[in-house]
Each structure stands twice: as C-alpha cells, then as structure tokens.
Amino acid sequence: VSYSQMTYAQRGEQHSHPLVKQLFATMERKKSNLSLAADVSTKAELLGLADKVGPYVCVFKTHVDVISDFDSDLVDQLAALAAKHDFLIFEDRKFADIGNTVKLQYGGGMYRIADWAHITNCHVIPGEGIIQGLAEVGMPKGRGLLLLAEMSSKGMLATGAYTEKNVDMAIANEFVIGFIGSRRFTEERDLITMTPGVGLHASGDALGQQYRTPEMIVTENGSDIIIVGRGIYGAGKDPIAEAQRYREAGWNAYLKRLAQ
Ligand code: 5BU
C-alpha cells in the first residue's frame with residue numbers, strides 16, 4: 001500500500017526519523033497539513049502572525065533574511081510560540097554552495113539557523129557534498145533537510161533528470177526527510193513532500209509564481225503539506241479566517257485522498 005493511502009498517524013508510528021514522527025503526530029493532533037509561508041519584514045509582524053495563525057498550522061515557514069530588525073530574541077520568542085501552539089519551524093534558506101560553506105552558513109553567521117529551525121532545505125546543484133556538509137551540523141541537533149526537487153515558479157529548471165537526481169540523493173542520505181515539489185516522488189523511506197504555490201483562487205503573481213489548489217496537490221498528486229503565504233495574510237485578508245479555511249481545505253483534500 002502506498003504511503004499516500006496511509007494516515008499521517010500511521011506513517012508517524014512507523015517512521016524512523018524522530019523529527020518526522022513528531023511532524024506527523026503534530027499534523028494528526030491539529031488536523032492540519034498546512035504550513036504558513038510568513039514572508040513579512042519585521043520582527044513584530046512575524047511574531048504577531050505566528051501567534052495568530054500558529055494554532056492552525058503544522059509548520060511555520062520563515063525567510064529570516066527578510067526581517068529588517070532580526071535579533072536572537074526573535075528566534076527565542078518564535079521558539080516559545082512553536083511550543084505554545086505546537087508547530088515546527090522551517091527556514092526556507094535554499095542553501096546552494098559547497099559543503100564546507102553551507103556548514104558555516106547553516107550553523108553560524110548572525111542567524112544560526114541550525115539552532116532553531118527544525119527543517120531547512122537545499123538545492124543539490126553543487127552535488128552530494130552539500131547534503132553532507134549540512135548533515136554534519138544538523139544531524140547532531142536532530143534537524144531534517146528537504147531537497148528542492150522542483151519549484152513552483154514559471155519556467156523553473158528543476159525537471160526530468162535533475163528532479164530524479166534529487167530523489168536518488170534523498171533516498172541515500174539519512175539527513176534528508178523529503179522534498180519541496182508538487183507531488184509524491186518515491187515510496188522509499190516515506191520521504192515527505194511539502195508544496196509551495198498553493199492558493200484557493202489566485203492563479204499566480206506578476207513575478208512568475210503559479211498557484212494550484214489543495215485538492216490538485218494533496219488529493220491528486222499525493223503531496224503531504226501545503227505551503228500558503230499571501231493567500232492567508234495578503235492585502236485585505238483576515239489571516240485567522242484564511243488560515244482556518246486553508247487548514248480545512250488541506251485536511252479535506254487529504255481525507256478525500258484516503259477515501260480514494
Ligand atoms: P506565496 O505568498 O503563497 O506565493 O508564498 C510562497 C512561499 O513559498 C514563499 O515564501 C516562497 O519563497 C516559497 N517558495 C515558492 O513559492 N516556490 C518554491 O518553489 C519554493 C519556495 Br522552493
């Protein structure tokens with residue numbers, strides 16, 4: 001039986017990676033396969049959004065380098081909100097350098113991503129050394145890595161043989177817990193997929209973003225987690241109401257998949 005036919009709870013019980021076990025348990029507890037892409041530019045906005053939308057998401061996704069007033073207190077407070085509302089933190093850093101450099105970028109600098117982000121991601125364009133470098137920092141801390149097997153934007157180049165290479169590298173490296181992409185990629189090791197570019201209405205933006213619905217992504221394509229940003233907090237929206245709506249849409253798409 002395919003993992004896409006199993007419940008998140010069942011998959012959590014039999015998964016070998018403690019972080020993924022925790023993720024699936026959280027998803028089941030909160031009945032949420034929704035991740036918020038919190039692309040706001042100040043500390044106050046980021047923490048405000050995490051406190052409001054936190055109850056409805058399993059993963060809170062950050063781009064910490066767009067916060068104009070970043071400091072270490074921000075990540076302390078974000079970690080406290082993650083505990084309060086029961087979500088994991090995913091820094092969407094998209095590392096892309098040689099192993100030695102990404103080790104420095106992941107563990108150090110002013111952001112110290114490995115100290116607070118449960119999940120991060122990377123491109124495999126430099127070859128397998130990037131995974132090994134990140135693993136040296138993240139594995140001792142119990143973190144997990146997603147590979148960018150595909151992207152959501154128009155004309156993106158991660159296709160065909162490149163995407164397949166991502167899958168091979170994910171299977172071979174214990175630190176990898178899954179992919180960013182539009183679908184389930186493999187039945188090996190229950191590697192998860194998280195999908196950005198999800199919207200209930202909008203078809204895209206002026207800079208190449210393309211949106212698909214939760215049903216296309218979760219029910220039809222077998223992805224595990226939908227990532228939604230502006231659909232929840234965009235101009236004129238009520239973030240709590242939209243988060244509830246997307247949570248319900250994502251969860252119903254999952255229930256529909258199980259019933260197929
Ligand atoms: P949006 O507001 O729902 O369009 O935000 C999408 C988020 O997901 C944003 O943070 C992007 O950086 C991120 N993203 C993406 O849109 N597409 C991709 O392929 C990847 C990340 Br990888």
Side-chain angles (χ1 to χ4, degrees), residues 32-42 45-46 49-50 53 56-67 70 78 87-96 102 111 113 117 119-125 130-131 134 144-159 162-163 165-167 169-170 176-185 191-214 216-218 221 223-239 242-243 245-247 249-250 253:
S32 175
N33 52 12
L34 172 64
S35 171
L36 176 76
D39 298 339
V40 291
S41 53
T42 65
E45 286 173 286
L46 189 77
L49 207 47
V53 171
Y56 313 106
V57 302
C58 57
V59 174
F60 188 80
K61 187 176 87 59
T62 56
H63 279 301
V64 79
D65 57 355
V66 307
I67 305 293
F70 175 88
L78 189 58
F87 58 74
L88 297 180
I89 304 169
F90 167 22
E91 166 57 24
D92 188 2
R93 173 63 178 76
K94 300 186 182 73
F95 292 101
V102 297
Y111 300 122
I113 293 165
I119 302 168
T120 193
N121 55 359
C122 78
H123 292 287
V124 298
I125 201 99
I130 188 170
I131 301 174
L134 293 169
L145 180 69
L146 301 173
L147 302 185
L148 289 142
E150 290 174 343
M151 293 191 71
S152 61
S153 40
K154 192 161 182 268
M156 64 92 187
L157 304 176
T159 60
Y162 180 77
T163 299
K165 274 286 180 194
N166 276 262
V167 177
M169 287 190 209
V176 179
I177 61 168
F179 309 95
I180 294 286
S182 66
R183 58 190 167 91
R184 166 161 282 281
F185 290 99
L191 291 155
I192 64 166
T193 299
M194 294 184 60
T195 307
V198 172
L200 285 167
H201 299 301
S203 61
D205 69 13
L207 297 173
Q209 176 69 297
Q210 307 176 112
Y211 292 112
R212 277 160 300 185
T213 63
M216 290 164 77
I217 292 301
V218 176
N221 292 2
S223 173
D224 299 304
I225 293 176
I226 55 170
I227 301 173
V228 183
R230 288 163 287 178
I232 289 176
Y233 62 79
K237 297 198 186 250
D238 170 357
E242 294 300 335
R245 208 150 73 98
Y246 273 97
R247 166 174 165 264

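For the numbers below, each heavy atom of this structure counts, side chains included, while hydrogens, waters and symmetry mates do not. As the structure lists them, so they are numbered: ligands from 1, and atoms in each ligand from 1. Quantities reported herein were computed from a predicted structural model and do not represent experimental measurements.
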Closer than 4.0 Å to some heavy atom of [X] - which atoms of ligand 1 meet that?
{"X": "Ala37", "answer": "7 (C), 10 (O)"}
{"X": "Arg230", "answer": "1 (P), 2 (O), 3 (O), 4 (O)"}
{"X": "Asp92", "answer": "12 (O), 13 (C), 21 (C)"}
{"X": "Tyr211", "answer": "1 (P), 2 (O), 3 (O), 4 (O)"}
{"X": "His63", "answer": "10 (O), 11 (C), 12 (O)"}
{"X": "Leu148", "answer": "22 (Br)"}
{"X": "Gln209", "answer": "4 (O), 6 (C), 15 (C), 16 (O)"}
{"X": "Ile180", "answer": "22 (Br)"}

Identify the residue among Val218, Val59, Asp224 that makes a side chain to side chain contact (heavy atoms under 4.5 Å, CB included) with Asn33. Val218

Test applied, side chain to side chain contact (heavy atoms under 4.5 Å, CB included); reference residue, Ile180; option that passes from Leu148, Thr193, Thr195: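 It is Leu148; the other options fail the test.
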
So, do [X] and [Y] sit near enough that their side-chain heavy atoms are less than 4.5 Å apart?
{"X": "Val53", "Y": "Tyr233", "answer": "no"}
{"X": "Phe60", "Y": "Leu78", "answer": "yes"}
{"X": "Tyr246", "Y": "Val57", "answer": "no"}
{"X": "Val228", "Y": "Glu242", "answer": "no"}

Should Gln210 and Ser152 be marked as a side chain to side chain donor-acceptor pair (under 3.5 Å) after you check the CA-CA gap, both sets of side-chain angles, and the distance that decides it? CA-CA 6 Å; Gln210 307 176 112; Ser152 61; over 6 Å; no

For atom 3 (O) of ligand 1, the protein heavy atom that lies nearest, with its residue and separation: Gly229 N, 2.9 Å

Starting from atom 18 (C) of ligand 1, find the nearest protein heavy-atom neighbour and note its residue, name and distance. Pro196 CG, 3.4 Å

Which heavy atom in Leu200 sits nearest to a heavy atom in Thr213, and how many Å separate them?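 Looking at all heavy atoms of both residues, the closest pair is O-CG2, 4.4 Å.
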
Would one find an N or O of [X], backbone or side chain, under 3.5 Å from an N or O of ligand 1?
{"X": "Asp39", "result": "yes"}
{"X": "Tyr233", "result": "no"}
{"X": "Ile227", "result": "no"}

Whether the side chain of Thr163 engages the backbone of Ala158 through a donor-acceptor N/O pair (distance < 3.5 Å, no angle test) should be reported. yes

Would you check whether Lys94 reaches within less than 4.0 Å of ligand 1, judged by its heavy atoms?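 In this structure, Lys94 qualifies as a contact of ligand 1 - some heavy atom is under 4.0 Å.
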
Over 12 non-hydrogen atoms of neighbours within 6.0 angstrom of NZ in Lys154: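 Not more than 12 within 6.0 Å, no.
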
Side chain, backbone, both or neither: which applies to Ser152 and ligand 1 if a contact is any heavy-atom pair less than 4.0 Å apart? both

